[in-house]
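The block underneath contains the structure these notes are about, expressed in structure tokens.
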Amino acid sequence: MDGQEPGEQRQSAADMTVFVQNLLGQMQSRFQTMSDSIVQKIDEMGSRIDELEQSINNLKAEMGVENEPATEKSPSAEPITKDQ
């Protein structure tokens with residue numbers, strides 16, 4: 001066939017299997033590292049948003065503004081109809 005003895009073919013297949021398994025293990029490790037990093041950044045972003053929301057609420061309280069939804073106060077928040 002390709003000039004290799006059956007024993008050499010088995011060894012070559014075994015070597016290839018080990019290589020592919022190692023490669024897949026490395027890829028899995030890298031994907032896990034990236035996934036962990038993304039989750040950590042999302043958690044940090046969530047914390048920052050919570051802090052920002054608290055700061056806004058504190059500023060509103062200092063100004064004496066009640067905690068009303070923005071849609072009730074904003075004229076631009078009116079629903080858009082097909083006629084507009």
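Computed from heavy atoms alone, side chains included, the values below leave out hydrogens, waters and symmetry copies.
- With 3.5 Å as the limit, one finds a donor-acceptor pair spanning the side chains of Q32 and D36.
- By the neighbour-count criterion of 12 heavy atoms within 6.0 Å, atom CD of E44 is densely surrounded, having more than that number from other residues, nucleotides or ligands.
- Using a 4.5 Å cut-off between side-chain heavy atoms of Ile, Leu, Val, Met, Phe, Trp and Tyr, M45 falls into a hydrophobic cluster with I49.
- To the nearest 0.5 Å, atoms CD1 (I38) and CG (D43) are separated by 12.0 Å.
- Contact check for F31 versus Q28: no side-chain heavy atoms found under the 4.5 Å cut-off.
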Which pairs of donor and acceptor atoms, one on a side chain in residues 15-22, lie under 3.5 Å apart (sequence neighbours left out)?
from	atom 1	to	atom 2	distance (Å)
D15	OD1	Q11	NE2	2.8
T17	OG1	A13	O	2.8
N22	ND2	V18	O	3.4

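- Panel note: side chain S55, backbone E51; a donor-acceptor pair is recorded below 3.5 Å.
- If you take CD1 on I42 and OG on S37, they are separated by 9.5 Å, rounding to the nearest 0.5 Å.
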